[in-house]
Amino acid sequence: MAEILRDIAHVRTGDKGDISQIAIFALRDADYPRLLAAVTPERVAAHLPGLMPRAIRRYELPALGAVNLVLEGALQGGVTRSLSLDAHGKTLGAQLLDLSLLPE
Amino acid sequence: MTRSTLRIGAGAGFSGDRIEPALDLIEHGDLDYLAFECLAERTIGLAQAARAADPQAGFDPLLEARMRRALPLAAPRGVRIVTNMGAANTLGAARKVTEIARELGLSGYRTAAVTGDDVLDLVLAGDYPLIDRPGTSRDLGGAIVSANAYLGAQGIVMALEQGADTVITGRVCDPALFLGPLAHELGWSFDDHAMMGQGTVIGHLLECAGQVCGGYFADPGVKDVPDLARLGFPYADVARDGGAVLGKLAGSGGRIDTATVKEQLLYEILDPAAYLQADVSADFRHVRIEQTGPDRVRVSGGMGRAAPDKLKVSIAYHDGYVGEGQISYAGPGAAARGRLAIEIIRERLKIIGAQVEELRCDLIGMDAVDRRGAGGEPAEVRVRIAARASCANSAHAIGAEVEALYTNGPMGGGGVTRSVRQVLAVASTLIARELVQPRVHLEIA
């Protein structure tokens, strides 16, 4: 029984300046609707209360079974300025993997 | 005479990348081209600072080591090399490669430097709005170290037309290292937005080298990747219509499948409908990814529209110092002792009057990188104090205060480390493309 995002999806995290970018991919095409329901900007923000981005944009890519999240202002000024141990925010995508799924 | 297909490989995905997979590709991959992507956002500023200290320096510090091993394999096989290892001294890098070619007896070896990306004089003379924060370039004032425009693939094509065996660039859009050879060999026009878009997709998939082959992918039990210690680097077989099949050497580690390719396709992409490059605004929304065999994936359907009028420029500037100190605690109450240590440091920095602009206090193992607010008492914690300061003395005080926790702080602290680094930060702006023209300089061994 799929309960968390990790059960149905895989993620890749990147960065551009002060923007964190997290792409999330359905492991199976059939799970794409559940993925879309789970990773709304509101649910992502609530799951990462310590992040506090200025804005979260979401791009849907049905041909790839993917969602691209763009989290603006999420990296404390960006990799070249941030005092964070993980200045690139590379660990952020993995932290989404225990996001709960909505009931089917 | 243009070819029907071209095989182009990736030899590095960042400046410190492994060298063996690149050499294996040259020797056994039947390549036409190999591209080394080695220039991160901040690297060129660091290189400019190195060149200020030594006029012969300023190109990638690993250029010589890489080329000494790559050239003896690449030259006899006719594998042409494209790389952005020129960093802040592209001409110096081309001279160094030519010197190596002579030592190796490769008489007549042609190395081209593509210049034109250095726009420092233009930026210093003008006032350019920053695109990633409020303010303008003038606000950065005398702290600016370098300013480089992201060139497209045209300079690389010009160099290849002049018969270059190796092409060295400074700042170019990373996919352009691949798009240049593709356009040159397959006869693609820069006005053909669809081909520029598909070529950008191919370059983007290859530019991080091992990442499309299962690097940065493994999650044991969920996404397993075989033999990462021997991860193979990728190549693409690209047809004139832009259709590409990704592959890697038989026997190398890693995996190429639809999952690894999808992850890499969207890596560091913001709007997938408009991936802005110097040569095209690429559209990744309709890319098709199909498994055609073991570790073989076909990629097609990249699209594009006309490139933006302006080119992106990265400005590197001095931004003070960061001082850091760390200390570990373990056993029952470790987290509480870590929190006490942080309280002590905060108070100490006030008492000694350290001039600190920004302070960050982490408990590694609890909240240093985790943004979920996940709780739980860990078996050990590591206190990390980091602060930004405009002067080096205040930055040094951070580590000194953490070290003093040995005899003045909570019970059982161990393993102090401390450091100070000068910060070279990067801001971005835009510049009219007609102000930036690539030029080619050829050196012959």
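Treat the numbers as computed from the prediction; the structure is a model and nothing was measured.
- Most heavy-atom pairs under 4.5 Å with chain A, from the set B:Asp132, B:Leu265, B:Leu270: that is B:Leu270.
- Put simply, of A:Leu48, A:Leu92, A:Leu85, the one with the most heavy-atom pairs under 4.5 Å next to chain B is A:Leu85.
- Proximity to chain A involves both the backbone and the side chain of B:Val369, based on heavy atoms less than 4.5 angstrom apart.
- Of all the listed residues (A:Arg12, A:Arg6, A:Gln21), the one sharing the greatest number of non-hydrogen pairs under 4.5 Å with chain B is A:Arg12.
- Taking a 6.0 Å sphere around CD of B:Gln355, one finds it holds 12 or fewer heavy atoms contributed by other residues, nucleotides or ligands.
- A donor-acceptor contact shorter than 3.5 Å is absent between the side chain of B:Glu41 and the backbone of A:Gly17.
- For a residue to count as touching a neighbouring chain, one of its non-hydrogen atoms must lie under 4.5 Å from one of that chain's; by this rule B:Asp370 touches chain A with backbone and side chain alike.
- If you measure heavy-atom distances from B:Leu359 to chain A, the contacts under 4.5 Å come from the backbone alone.
- Of the two parts of B:Leu424, only the backbone, made up of N, CA, C and O, holds a non-hydrogen atom closer than 4.5 Å to a non-hydrogen atom of chain A.
- Taking each heavy atom of B:Ala425 and A:Arg81 in turn, the nearest pair found is CB-CG, 3.8 Å.
- Rounded to the nearest 0.5 angstrom, B:Phe217 CZ and A:His10 NE2 are separated by 5.5 Å.
- Of the two parts of A:Thr13, only the backbone, made up of N, CA, C and O, holds a non-hydrogen atom closer than 4.5 Å to a non-hydrogen atom of chain B.
- If you measure heavy-atom distances from A:Ile22 to chain B, you find no contacts under 4.5 Å at all.
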Exercise. Under the side chain to side chain contact (heavy atoms under 4.5 Å, CB included) criterion, do B:Asp219 and A:Leu97 qualify, and how do the steps go?
Worked result: CA-CA 11 Å; B:Asp219 196 359; A:Leu97 288 175; 4.1 Å; yes
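- No part of A:Leu69 comes within reach of chain B, as not one of its non-hydrogen atoms sits under 4.5 angstrom from that chain.
- In B:Met366, the CE atom is crowded: over 12 heavy atoms of neighbouring residues, nucleotides or ligands sit closer than 6.0 Å.
- Side-chain contact between A:Phe25 and B:Leu266 is present, with heavy atoms from C-beta onward closer than 4.5 Å.
- For A:Leu61, the part sitting under 4.5 Å from any heavy atom of chain B is the side chain, from C-beta outward, and nothing else.
- For B:Arg372, the parts lying under 4.5 angstrom from a heavy atom of chain A are both the backbone and the side chain.
- With a 4.5 Å cut-off on non-hydrogen atoms, B:Asp271 touches chain A through its backbone and its side chain both.
- Heavy-atom distances place both the backbone and the side chain of A:Ser84 under 4.5 Å from chain B.
- Proximity to chain A (any heavy atom under 4.5 Å) is shown, for B:Lys262, by both the backbone and the side chain.
- Chain A forms the most heavy-atom pairs under 4.5 Å with one residue out of B:Asp367, B:Ile269, B:Asp362, and that residue is B:Ile269.
- Residue with the most contacts toward chain B among A:Thr91, A:Asp86, A:Asp15, A:Val70: A:Asp15 (heavy-atom pairs, distance under 4.5 Å).
- Contact check for B:Arg388 versus A:Leu83: side-chain heavy atoms found under the 4.5 Å cut-off.
- With a 4.5 angstrom heavy-atom cutoff, B:Val426 touches chain A via backbone and side-chain atoms both.
- Counting heavy atoms from C-beta outward, B:Arg285 and A:Tyr59 have side chains that stay 4.5 Å or more apart.
- Using a 4.5 Å cut-off between heavy atoms, A:Glu60 makes no contact with chain B at all.
- Neither the backbone nor the side chain of B:Ala316 comes within contact range of chain A, judged by heavy atoms closer than 4.5 Å.
- Put simply, the side chain of A:Asn68 never gets that close to the backbone of B:Pro272: no donor and acceptor are under 3.5 Å apart.
- Under 4.0 Å is where a charged nitrogen must lie from a carboxylate oxygen, and between A:Asp18 and B:Arg133 no such pair does.
- The shortest non-hydrogen separation linking A:Val11 to B:Lys223 is O-NZ, 4.0 Å.
- Across all non-hydrogen atoms, the minimal contact from A:Leu64 to B:Phe284 is CD1-O, 4.5 Å.
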